[in-house]
Undergrad: 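Just passing along the structure, written as structure tokens.
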Amino acid sequence: MQTAQSQPESGCHSVVFLGAGPGDPELITLKGRRLLDEADVIVYAGSLVNVALLDGVKAACHDSASLDLEGIMALLAEGYKQGKKVVRLHTGDPAIYGAIREQMQWLDARQIPYEVIPGVSSAFASAAALQVELTVPEVTQTVIFTRQAGRTPVPERESLQKLAAIQASMCIFLSVSLIETVVNDLIAGGYAPETPIAVVEKASWPDQQIVRGRLNTIAALIQESAIRKTAMIVVGPALGEDSTIASKLYDAAFSHEYR
Ligand code: SAH
């Protein structure tokens, strides 16, 4: 990782890694919207970014779906050296399964400066779609972002089965095609088979779909649905309606400092 951030050469602009949000073009930050409008070159992750975000931009836009790391970085570096404003547009928040680390290291090695602008992760868009609070007092105060091991391995100490023992809220990315394995691991790890679980496909898109169930029903429900990818699995006791414990935050006796 970089120690000191390099400064842009004169006439050049830092490359911007930008969070596009989960899909709805209004769910990008104001700063992100401005940077897209001012950009000369945009390299976007076409498999998930909503291209409606690119309507009306003046930039040359490149879909990175078919490019490897070198191909992507060549576009970013070339634009930078030509003094262009370059945006690398990632779905959701770039820090979560964005593969930005290798891109930043590539830029570090060439002293090309960059900045990162956060975005609304699909985890939060999914929670919003489900209208749940992931941190319910006295139920759980912890949220885990994770995934089932697939082509990308997951370290054994953080297997779903191990994480399940914590009984927190979990947002499971990149795993809906493996829903049966997910369910088996979660139950083997300690979640009760009746634990509420939901799958949100394309959260915040016009064709968003929600399937709600319990650990022992969800795999069949997903099988019956058309949901195969771009979906978030949200699971944990916080999704249950049976919790009657209210937050002390709005309790009359609680200090108002954090409201
Ligand atoms: N950086 C992104 C995640 C990229 S990994 C973020 O913060 O959201 C891609 C995975 O994210 C998908 O497999 C899916 O699990 C999830 N995902 C991305 N967009 C989504 C959306 N609109 N609705 C539900 N899940 C989504």
Side-chain angles (χ1 to χ4, degrees), residues 16-29 31-32 36 42-54 63-65 67 69 72 87-104 114-132 134 143-154 158 160 163 169-183 185-186 197-213 218-219 221-222 225-236 239:
V16 174
F17 291 96
L18 174 57
D24 179 346
E26 291 190 326
L27 288 179
I28 189 170
T29 60
K31 188 167 193 169
L36 280 185
I42 298 171
V43 183
Y44 65 99
S47 51
L48 284 170
V49 165
N50 188 348
V51 288
L53 281 164
L54 305 177
D63 181 354
S64 63
L67 299 174
L69 180 67
I72 293 167
V87 170
R88 174 73 174 120
L89 187 60
H90 280 276
T91 180
D93 185 277
I96 305 293
Y97 304 112
I100 58 168
R101 186 172 191 260
E102 63 230 53
Q103 300 176 63
M104 295 190 292
Y114 49 83
E115 60 180 314
V116 184
I117 311 294
V120 176
S121 174
S122 58
F124 297 120
S126 298
L130 294 168
Q131 302 183 328
V132 293
L134 297 171
V143 184
I144 297 172
F145 287 0
T146 189
R147 62 170 301 167
Q148 178 67 257
R151 270 191 307 173
T152 307
V154 171
E158 52 187 66
L160 277 187
L163 297 180
S169 296
M170 270 199 222
C171 298
I172 307 175
F173 291 71
L174 295 156
S175 303
V176 78
S177 64
L178 305 166
I179 186 80
E180 278 186 40
T181 324
V182 168
V183 165
D185 286 358
L186 292 177
I197 180 170
V199 172
V200 185
E201 184 190 46
K202 297 190 88 176
S204 86
W205 290 68
D207 50 348
Q208 165 184 297
Q209 266 204 76
I210 296 177
V211 176
R212 290 175 194 267
I218 195 77
L221 293 171
I222 293 301
S225 79
I227 296 177
R228 294 294 174 264
K229 55 174 198 171
T230 323
M232 179 68 56
I233 303 170
V234 187
V235 60
L239 271 63

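Hydrogens, waters and symmetry mates play no part in the numbers below; they use all other heavy atoms, side chains included. Numbering of ligands and ligand atoms starts at 1, following listing order.
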Undergrad: Of the choices I100, L27, L174, which has the non-hydrogen atom that lies closest to atom 13 (O) of ligand 1?
TA: L174

Undergrad: Please identify which of these residues, I179, D185, T181, meets the side chain to side chain contact (heavy atoms under 4.5 Å, CB included) condition with V183.
TA: I179

Undergrad: Who's the nearest protein heavy-atom neighbour of atom 3 (C) of ligand 1, and how far?
TA: I96 O, 3.5 Å

Undergrad: Give yes or no for whether the N/O distance cutoff of 3.5 Å, strictly under, is met between I172 and ligand 1.
TA: no

Undergrad: What orientation do Y114 and F17 show, parallel under 30°, tilted 30 to 60°, or perpendicular over 60°?
TA: perpendicular

Undergrad: Do V199 and S225 touch side chain to side chain, with heavy atoms closer than 4.5 Å?
TA: no

Undergrad: I need the nearest protein heavy-atom contact for atom 11 (O) of ligand 1: residue, atom name and distance, please.
TA: F173 CD2, 3.5 Å

Undergrad: How far is atom 22 (N) of ligand 1 from the closest protein heavy atom, and which atom is that?
TA: P22 O, 2.9 Å

Undergrad: Who's the nearest protein heavy-atom neighbour of atom 14 (C) of ligand 1, and how far?
TA: A231 O, 3.4 Å

Undergrad: Would you say the side chain of L54 lies within less than 4.5 Å of the side chain of L89, judging by non-hydrogen atoms?
TA: yes

Undergrad: Distance to 0.1 Å, residue and atom name: give those for the protein heavy atom nearest to atom 2 (C) of ligand 1.
TA: T91 O, 3.3 Å

Undergrad: How close does the nearest protein non-hydrogen atom get to atom 5 (S) of ligand 1, and which residue and atom is it?
TA: Y97 CB, 3.7 Å

Undergrad: With a cut-off of 4.0 Å, which atoms of ligand 1 are near a heavy atom of L48?
TA: 9 (C)

Undergrad: Taking 4.0 angstrom as the limit and counting only heavy atoms of T230, give me the atoms of ligand 1 inside it, by number and element.
TA: 20 (C), 23 (N), 24 (C), 25 (N)

Undergrad: Side chains of L130 and R212, heavy atoms from C-beta outward: is any pair under 4.5 Å?
TA: yes

Undergrad: Is the shortest side-chain heavy-atom distance between T91 and S122 below 4.5 Å?
TA: no

Undergrad: Can you tell me if K202 has a non-hydrogen atom under 4.0 Å from ligand 1?
TA: yes

Undergrad: Does any part of the side chain of H90, heavy atoms only, come nearer than 4.5 Å to the side chain of L48, both counted from C-beta?
TA: no

Undergrad: Using a 3.5 Å cut-off on N or O atoms only, is S121 in polar contact with ligand 1?
TA: yes

Undergrad: In the structure I gave you, are the side-chain heavy atoms of V211 and I218 within less than 4.5 Å of one another anywhere?
TA: yes

Undergrad: Which residue owns the protein heavy atom closest to atom 21 (C) of ligand 1, what's the atom, and how far is it?
TA: A203 N, 3.4 Å

Undergrad: Decide yes or no for I172 and L186: does some side-chain heavy atom of the first lie under 4.5 Å from some side-chain heavy atom of the second?
TA: yes

Undergrad: Is any side-chain heavy atom of Q148 less than 4.5 Å from a side-chain heavy atom of I233?
TA: no

Undergrad: For ligand 1, note which part of V200 has a heavy atom under 4.0 Å away: side chain, backbone, both or neither.
TA: backbone

Undergrad: For atom 20 (C) of ligand 1, what's the nearest protein heavy atom and its distance?
TA: S122 CB, 3.3 Å

Undergrad: Evaluate whether atom CD of E102 has more than 12 neighbouring non-hydrogen atoms of other residues, nucleotides or ligands under 6.0 angstrom away.
TA: yes

Undergrad: Under a 4.0 angstrom heavy-atom cut-off, which atoms of ligand 1 come close to W205?
TA: 22 (N)

Undergrad: In terms of atom number and element, which parts of ligand 1 are under 4.0 angstrom from non-hydrogen atoms of D93?
TA: 1 (N), 6 (C), 7 (O)

